[in-house]
**Student:** 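Handing you this structure, nothing more for now.
Numbers restart at 1 for each chain; the letters A, B, ... are given by sequence-line order, proteins then strands.
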Protein chains: 2
Amino acid sequence: MGRKRTKSGKIRLAEVAELAGVSPITASRFFRNPEALSVAKRTRVESAAKELGYVPNLAARALASQRTEVIGVLIPSLTNNVFSDVLRGIYDASEGSRYSIQLSNTRYSILQEERLLRLFLAQKPAGLIVTGIDQTTESRAMLEAADCPIVQIMEIGPNPVDMMIGFSHYDAARAAIAHLFDQGHRKIGFVGARMDPRVQRRLDGYQSAMKDAGLFEQRLVVTTATPTSVTLGGALFTDLLAREPDIDAVFCANDDLALGVLFECRRREIAVPEQIAIVGFNDLEFMASAVPTLTSVRTNRYEMGKTAATMLIEAIDGRRPEQPVLDLGFKVIERQSSSSRRSDNGPAVSGAAAANKMIALPSSRD
Amino acid sequence: MGRKRTKSGKIRLAEVAELAGVSPITASRFFRNPEALSVAKRTRVESAAKELGYVPNLAARALASQRTEVIGVLIPSLTNNVFSDVLRGIYDASEGSRYSIQLSNTRYSILQEERLLRLFLAQKPAGLIVTGIDQTTESRAMLEAADCPIVQIMEIGPNPVDMMIGFSHYDAARAAIAHLFDQGHRKIGFVGARMDPRVQRRLDGYQSAMKDAGLFEQRLVVTTATPTSVTLGGALFTDLLAREPDIDAVFCANDDLALGVLFECRRREIAVPEQIAIVGFNDLEFMASAVPTLTSVRTNRYEMGKTAATMLIEAIDGRRPEQPVLDLGFKVIERQSSSSRRSDNGPAVSGAAAANKMIALPSSRD
DNA sequence: AGGAACGTTGACAGCGCTACCAGCAACGAC
DNA sequence: GTCGTTGCTGGTAGCGCTGTCAACGTTCCT
């Protein structure tokens, strides 16, 4: 076969075009916008490409078209289960599309985020997914100046850069506390670790609910900047008990902490929920099979990632969503650990997936 | 400023060269191999680049140089904690290097893996990290023909494609069973989910250890292809109990299953370890704080990812490791759930990080 | 019948960078 | 003094693809 090849031995578009008997540019169009070709040429190019095993050279395409087909994703952690669910959604949505994901880890540092953002933007990504709404002023300016669609994920708030998908951590925490009030609890502790902005907002929600009920005391709050873990949950709970031995419930900023609290209760032979109720956050899988089963606030992490990437890709392709801000809501999943009735599948308290959400206090439950 | 700019408004290498008063090619060299320049020109180019805020165009570089600075990573799951640890190691090691990570999820399908491999290879990655040693014949051929360094991770075996880092799941399972024998257990069940090749090898290890002791029975093994979860652990254990009510220990193929078994024991009021001992696999963080604390086989996942990426980058840069196959070993962390002495921090059984490893049976413990 | 409108195709000219090779000066060996 | 050698620099020629625009044939309208 005297077909001329590139040094690297790879098939080029020109060879496909030659075999199909069309010009290179027509072959090029086939890969970008097949509808623009007549059916005859379309099938010819298609079979030529298949026969030769043609794979487009992305670098050449990016150079010629002045844009890449890369979606940049900035998340604060790779360890956290929460983000692996979100990521899975993002990857699932990107699969089958022509976009590839470029992931970077900010390690919960907004300065690091700013640095990575600058790096990403320099490569002209097709779109960007960033975590949260607490960027530096500089980052914010770069995002606003970026000429690609952007989705902020994990939470919602005012002034989206572009699109936004998440839920209100504040409202979710309030709903969790409302549920505990509803079950007759009054002296409710808060246990939190890492204290990133979203955890902070959960704390704010807890605090406001407690204040509304005239029950807030600073001593009920135990937090640390240390990364979260099950073991840490036990340790923080131990601190809490030392300060306030007579608490009747604990709201944990995440499920790992809740599991740690549960184990610590077992270690201390504290009956759950009879002596102390436990509520977690995120509703990881194990919450439903712990003994007792653990109440948690369910968040739609996979869906969040998947929808974010889908929205982004649609926007890149020019189909902007009619709703740029999506509230995915949450749901308080009541289980044994907080049920005074000791029933397994109690009613659920939902966060309305709507714009104006002042959920929570007992009366507004469904 | 009459400097000519690209349409996109971005600074090009030519502008940097002009400002520095050198030719573009000299400026180019500055970014790839600064030592080749005279000190005078080096500093001139450096300050010009900084002044203009120059960022190289990766697409153009890739096109011109016929290679990319992308490391492809193929892993079977994004959900599994095990892989998020490995990934974190990979990302940590790649940070600061000039290589970026391109991640793809094979979803435990070797056909999918083959497809993704073809896609990756077409883009001429600088290096590749693939999971496991069970590729399709086709994949294997592609890997061997690839002209970039490759690291296989998660396990070790004969005939590495190139480099390899992991440990023997077979030996690790044997060591876990040896530990249970050592504690006086005889009727040991096996609980496994998903049954990917590595879980299969753990089962093989279990089976061989049991056979060696003349204790193997097929009824002791409960497995499913379903993805793993804590809840599933409870369900599989329930099945196992139905078949063999008088087992005295359970070896779980991973820690989630072990936690599920623990919860199920609690639900059925089976005393752990008095009635049934539990051993998990991976030693996730929560194992140490469960009640009772759970014995597990510790594996160095983060280190595995980090070392894999480091070795790969070194190899790309031409410094091949003297040891292409690295056995990271494992360690049986004995905790309350399998300790007849009910002691918390019992002795640990280590897997030698050596080539020839026939660990395990009670006598060879340290 | 003439012309506009549309759908389809191709020629040309780069995108920004680097591989390759040539050129030049400075230096040492014989 | 001549020749090679080394160290640095620059010119040329693409890498493989796509944006732009012009040109073509066909259809439809007036």
**Student:** Quickly work out the B/L13 CG to C/dC15 P distance and round it to whole Å.
**Tutor:**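 Checked: the CG to P distance equals 14 Å.
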**Student:** Please report the distance, rounded to the nearest Å, between CG in A/L63 and C1' in C/dC15.
**Tutor:** 4 Å
**Student:** Would you tell me if any nitrogen or oxygen in the side chain of B/S23 comes within less than 4.0 Å of OP1 or OP2 on D/dG10?
**Tutor:** yes
**Student:** Checking B/E144 now: which residues fulfil side chain to side chain donor-acceptor pair (under 3.5 Å) with it, not counting sequence neighbours?
**Tutor:**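 Partners of B/E144 by the side chain to side chain donor-acceptor pair (under 3.5 Å) criterion, ordered by chain and then number, come out as B/R140.
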**Student:** With sequence neighbours left out, what residues match B/V86 under side chain to side chain contact (heavy atoms under 4.5 Å, CB included)?
**Tutor:** B/I90, B/I153, B/M154, B/R301
**Student:** Tell me: CZ of B/R61 to C1' of C/dG16, nearest whole Å?
**Tutor:** 11 Å
**Student:** Taking only residues two or more places apart in sequence, or in another chain, which ones meet B/S47 in a side chain to side chain contact (heavy atoms under 4.5 Å, CB included)?
**Tutor:** none
**Student:** Classify the nucleic acid contact of A/R67 as base, sugar-phosphate or nothing, counting any heavy atom under 4.0 Å across all strands shown.
**Tutor:**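 Since only primed, P, OP1 and OP2 atoms lie under 4.0 Å of A/R67, the category is sugar-phosphate.
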**Student:** Take atom CG of A/L58 and atom C1' of D/dC15, then tell me their distance rounded to the nearest Å.
**Tutor:** 15 Å
**Student:** Among D/dG10, C/dT18, D/dG16, find the nucleotide with the atom closest to the side chain of B/V22.
**Tutor:**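 Ranking D/dG10, C/dT18, D/dG16 by closest atom to the B/V22 side chain puts D/dG10 first.
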**Student:** Mind running a 4.0 Å heavy-atom check of residues 27-37 of chain A against DNA chain D and sending the residues that fall below it, in number order?
**Tutor:**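 Here the set is A/S28, A/R32.
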**Student:** My understanding is that only residues two or more places apart in sequence, or in another chain, count here; which of them pass salt bridge (charged side-chain N to carboxylate O under 4.0 Å, His left out) with A/E155?
**Tutor:**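 Expected list: A/R198, A/R201.
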**Student:** Output yes when at least one side-chain N/O atom of B/T26 is less than 4.0 Å from OP1 or OP2 of D/dG10, else no.
**Tutor:**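 Yes, such a contact exists.
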**Student:** Quick one: is D/dG10 close enough that its OP1 or OP2 comes under 4.0 Å of any side-chain N or O from B/K41?
**Tutor:** yes
**Student:** Where each residue is assigned the nucleotide of DNA chain C containing its nearest heavy atom, which of B/P24 and A/G21 is assigned the position nearer the 5′ end?
**Tutor:** A/G21
**Student:** Whole angstroms only, please: what is the CD-P distance between A/E18 and C/dT9?
**Tutor:** 18 Å
**Student:** Find the distance A/L52:CG to D/dG16:C1' and express it as a whole number of Å.
**Tutor:**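 In whole Å, D/dG16 C1' lies 15 Å from A/L52 CG.
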**Student:** Does B/Q66 make a side-chain N or O approach to OP1 or OP2 of D/dG16 shorter than 4.0 Å?
**Tutor:**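 Looking at the OP1 and OP2 atoms of D/dG16, one of them is under 4.0 Å from a side-chain N or O of B/Q66.
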**Student:** Decide, yes or no, whether a salt bridge links B/R12 with B/E15 under the criterion of side-chain N to carboxylate O below 4.0 Å.
**Tutor:**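 Salt bridge present between B/R12 and B/E15.
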**Student:** Can a side chain N or O of A/S38 be found less than 4.0 Å away from OP1 or OP2 on C/dT9?
**Tutor:**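 Looking at the OP1 and OP2 atoms of C/dT9, one of them is under 4.0 Å from a side-chain N or O of A/S38.
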**Student:** According to a strict under-4.0 Å criterion, is A/Y54 in side-chain N/O contact with OP1 or OP2 of D/dG16?
**Tutor:**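 No, because none of the side-chain N or O atoms of A/Y54 sits under 4.0 Å from OP1 or OP2 of D/dG16.
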**Student:** Taking five pairs at each end, how big is the angle between the two axes of the helix from C/dA1-D/dT30 to C/dC30-D/dG1, to 10°?
**Tutor:**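 The value is 30°.
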**Student:** In whole Å, what is the span from the CD1 atom of B/I11 to the P atom of C/dC17?
**Tutor:**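 Interatomic distance, CD1 of B/I11 to P of C/dC17: 10 Å.
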**Student:** Side chain to side chain contact (heavy atoms under 4.5 Å, CB included) between B/L13 and B/F30: does it pass, once the steps are laid out?
**Tutor:** CA-CA 11 Å; B/L13 188 57; B/F30 168 77; over 6 Å; no
**Student:** Could you list the residues that satisfy side chain to side chain contact (heavy atoms under 4.5 Å, CB included) with A/S97, not counting sequence neighbours?
**Tutor:** A/S94, A/Y99, A/I313
**Student:** About how many Å separate CG of B/L328 and OG1 of B/T307, when rounded to the nearest 0.5 Å?
**Tutor:**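 Reported to 0.5 Å precision, the distance equals 5.5 Å.
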**Student:** Among C/dG16, C/dA19, D/dC17, which nucleotide sits nearest the side chain of A/N57?
**Tutor:**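 For A/N57, the side-chain atoms sit closest to D/dC17.
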**Student:** Do any pairs count as a salt bridge (charged side-chain N to carboxylate O under 4.0 Å, His left out) and have a residue in residues 65-77 of chain A, sequence neighbours left out, and if so which ones?
**Tutor:** A/R61-A/E69, A/E69-A/R98
**Student:** My understanding is that only residues two or more places apart in sequence, or in another chain, count here; which of them pass side chain to side chain contact (heavy atoms under 4.5 Å, CB included) with B/P160?
**Tutor:**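 Side chain to side chain contact (heavy atoms under 4.5 Å, CB included) check on B/P160 returns B/Q152, B/M164, B/V325.
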**Student:** What is the separation between atom CZ on B/R42 and atom C1' on D/dG7, rounded to the nearest whole Å?
**Tutor:**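 The answer, rounded to whole Å, is 13 Å.
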